[in-house]
Amino acid sequence: MSAESTPGPGIPGDAGTNGARQRGKGKRRKPQRRRKGLMITAWTAAGIVVVGGAGAGYLYFKLNGNLKSVDIDQALGTDRPEKADNGSENILVLGSDTRAGGNKKLGGGTDDGSARSDTAMIVHVYKGHKKASVVSIPRDTLINRPSCTDTKGNEYPARQSVMFNSAYSTGGAACAVKTVESITDLRMDHYLEVDFAGFQKLIDDLGGVEITTTKSIDDPDSHLKLKAGTHTLDGKQALGLVRTRHGVGDGSDLGRIQLQQAFIKALVNQIKDVGVFSNPKKLLDLAETATRTVTADSDLGSVNKLASFANGLKGISPSNMHMITMPVAYDPADPNRVLLQKKKADQIWKALENDRPIPKSATSGSATGEAKGVVTAP
């Protein structure tokens, strides 16, 4: 794991504060409505179509039983931004970095019983579902986390100046969604989550993903070593690529995000050319893996709903995916942390609220990880 229309005039940005954005009271929104999550739903949908066409009821119910879902709406209640009424959607896609179970060997690090959002992306699907904007949120961003309640009813007090990915480790999916909505004042219509082991198997089931590297990458921490050139990455290598941060660029999370975005485009670009839609066995293998891998919000918690949702996204091509990183500046007090550039970020959230393209001024001058162009589709 997108929009073009004339943006409104740019608003000067600064390296502003990292506090959460305040919602206006009584304000009616005109809201809006692939990292790995979008492609997972597409593969799942394709597999379900084959199963349904064959009348394989057992397989259908098996896939349905694989799915895990979380009731975000019940956990968050009514104190949320208004739903979009213009045909657009916002989806929060998270990659979990839990070291438990099958992920410990893949992810490295310590199994301390917790998990963090290793990757976070807001996917805004524009009206008509032909274009999308993807905004990556750096995990190391210092934010003000709002008070939140997890899906088990446990309450957590607000915290000031904490890393963004701590929201997930504190209160799971519900707290992560609450935090994103607090930062953006945008309603997250859906939630998708995938973990290490599932992502690796999905890439292997797909038959690998072809990419080109313009520089050599060598990162023992993510178990990845690639020479400059064209490669077909298997699942383990693909996982290493989307997780590496020390093997290329400035060693920051921002560089890792640039690699992730490039990999997603290569993945989306390749999916139509690998025989998935003409190979029923491959479709079913992908659907089986995807449904075991994905955790979705309860509105997408069945194969029918997930397939319908994915079907609505299939018209979005890589050329119509606009991928950016939330504007941040390095924290002068700690170079391993970044601060939200609030005025610039507000341009993004306002554009998405009005279902418009993100203006270039929203990201100009923002900190980058110096890894842009290192990975491309061949």
Margin query: Quick one, Thr141 with Met163, criterion side chain to side chain contact (heavy atoms under 4.5 Å, CB included). Give me CA distance, side-chain angles, the key distance, then yes/no.
Written below: CA-CA 5 Å; Thr141 308; Met163 285 175 59; over 6 Å; no

Between [X] and [Y], a side-chain donor and acceptor under 3.5 Å:
{"X": "His190", "Y": "Asn90", "answer": "no"}
{"X": "Thr368", "Y": "Gln258", "answer": "no"}
{"X": "Thr295", "Y": "Tyr191", "answer": "no"}

Checklist line | Verdict with reasoning, Arg139 to Thr119, per side chain to side chain contact (heavy atoms under 4.5 Å, CB included) | finding: CA-CA 7 Å; Arg139 56 177 287 171; Thr119 297; over 6 Å; no

Check: Are Arg145 and Thr170 close enough, and set up right, to give a side chain to side chain contact (heavy atoms under 4.5 Å, CB included), and what steps lead you there?
Finding: CA-CA 10 Å; Arg145 179 177 57 74; Thr170 297; 4.0 Å; yes

Just so I know, are the side chains of [X] and [Y] near enough to count as touching, which here means a heavy-atom distance under 4.5 Å?
{"X": "Trp349", "Y": "Asn354", "value": "no"}
{"X": "Leu241", "Y": "Ile217", "value": "yes"}
{"X": "Leu339", "Y": "Pro332", "value": "yes"}
{"X": "Leu192", "Y": "Leu94", "value": "no"}
{"X": "Met188", "Y": "Ile122", "value": "yes"}
{"X": "Ser133", "Y": "Met321", "value": "no"}
{"X": "Pro146", "Y": "Ser182", "value": "yes"}

Margin query: The criterion is side-chain contact (heavy atoms from CB on, under 4.5 Å); which residues satisfy it with Ala362, sequence neighbours excluded?
Written below: Gln347, Ile348, Ile358, Pro359

Disulfide bond (SG atoms under 2.5 Å apart) contacts touching [range] (sequence neighbours left out):
{"range": "residues 318-378", "result": "none"}
{"range": "residues 120-166", "result": "Cys148-Cys175"}
{"range": "residues 338-378", "result": "none"}

Checklist line | Results of side chain to side chain donor-acceptor pair (under 3.5 Å) for Asp71 - residues two or more places apart only | finding: none

Notebook entry, point to check: Residues two or more places apart in sequence or in another chain: which of them pass side chain to side chain donor-acceptor pair (under 3.5 Å) with Gln74?
Noted result: none

For [Y], does its backbone N or O pair with a side-chain atom of [X] as donor and acceptor, under 3.5 Å?
{"X": "Glu193", "Y": "Val294", "answer": "no"}
{"X": "Thr244", "Y": "Gly240", "answer": "no"}
{"X": "Arg187", "Y": "Pro81", "answer": "yes"}
{"X": "Thr214", "Y": "Gly373", "answer": "yes"}
{"X": "Ser298", "Y": "Gly301", "answer": "no"}
{"X": "Asn144", "Y": "Ser161", "answer": "yes"}

Note to self: Once salt bridge (Lys or Arg N to Asp or Glu O under 4.0 Å) is applied, what residue pairs with a partner in residues 252-266 remain, sequence neighbours excluded?
What the structure shows: Asp118-Arg256, Asp253-Arg256

Check: So which pairs with a foot in residues 290-300 pass salt bridge (Lys or Arg N to Asp or Glu O under 4.0 Å), sequence neighbours left out?
Finding: Glu288-Arg292

Next item on the list: Give the intermediate values and the outcome of side chain to side chain contact (heavy atoms under 4.5 Å, CB included) for residues Leu142 and Val162.
Entry: CA-CA 5 Å; Leu142 294 178; Val162 295; 5.9 Å; no

Next item on the list: Could you tell me which residues satisfy salt bridge (Lys or Arg N to Asp or Glu O under 4.0 Å) with Asp140, sequence neighbours excluded, listed by chain and number?
Entry: Arg245

Item checked: Counterpart residues, salt bridge (Lys or Arg N to Asp or Glu O under 4.0 Å), relative to Asp331 (two or more places apart) -> none

Next item on the list: Taking all heavy atoms of Pro335 and all of Tyr330, pick out the closest pair and write down the distance.
Entry: O-CD2, 3.6 Å

Next item on the list: Check Ala371 against Gly255 and note the closest heavy-atom contact, atom names and distance.
Entry: CB-O, 3.6 Å

Checklist line | Among Arg80, Lys178, Lys83, salt bridge (charged side-chain N to carboxylate O under 4.0 Å, His left out) partner for Asp73 | finding: Arg80

Next item on the list: Considering only NZ, NE, NH1 and NH2 on the basic side and carboxylate oxygens on the acidic side, decide whether Lys225 and Asp219 come within less than 4.0 Å.
Entry: no

Using atom types as modelled, flag every donor-acceptor pair under 3.5 Å from a side chain in residues 201-213 to any protein atom, sequence neighbours excluded.
| from | atom 1 | to | atom 2 | distance (Å) |
| --- | --- | --- | --- | --- |
| Lys201 | NZ | Asp205 | OD1 | 3.3 |
| Lys201 | NZ | Asp205 | OD2 | 3.3 |
| Lys201 | NZ | Thr289 | OG1 | 3.3 |
| Asp204 | OD1 | Gly235 | N | 2.7 |
| Asp205 | OD2 | Thr289 | OG1 | 2.4 |
| Thr212 | OG1 | Thr230 | OG1 | 2.9 |
| Thr213 | OG1 | Lys227 | O | 3.0 |
| Thr213 | OG1 | Gly229 | N | 3.2 |
| Thr213 | OG1 | Gly229 | O | 3.3 |

Checklist line | Same apolar cluster: Ile257 and Val242, side chain cutoff 4.5 Å | finding: no

Next item on the list: Only pairs at least two apart or in different chains count here, so list each side-chain hydrogen bond (donor to acceptor under 3.5 Å, both in side chains) that has a residue in residues 150-159.
Entry: Asp150-Asn154, Asp150-Tyr156

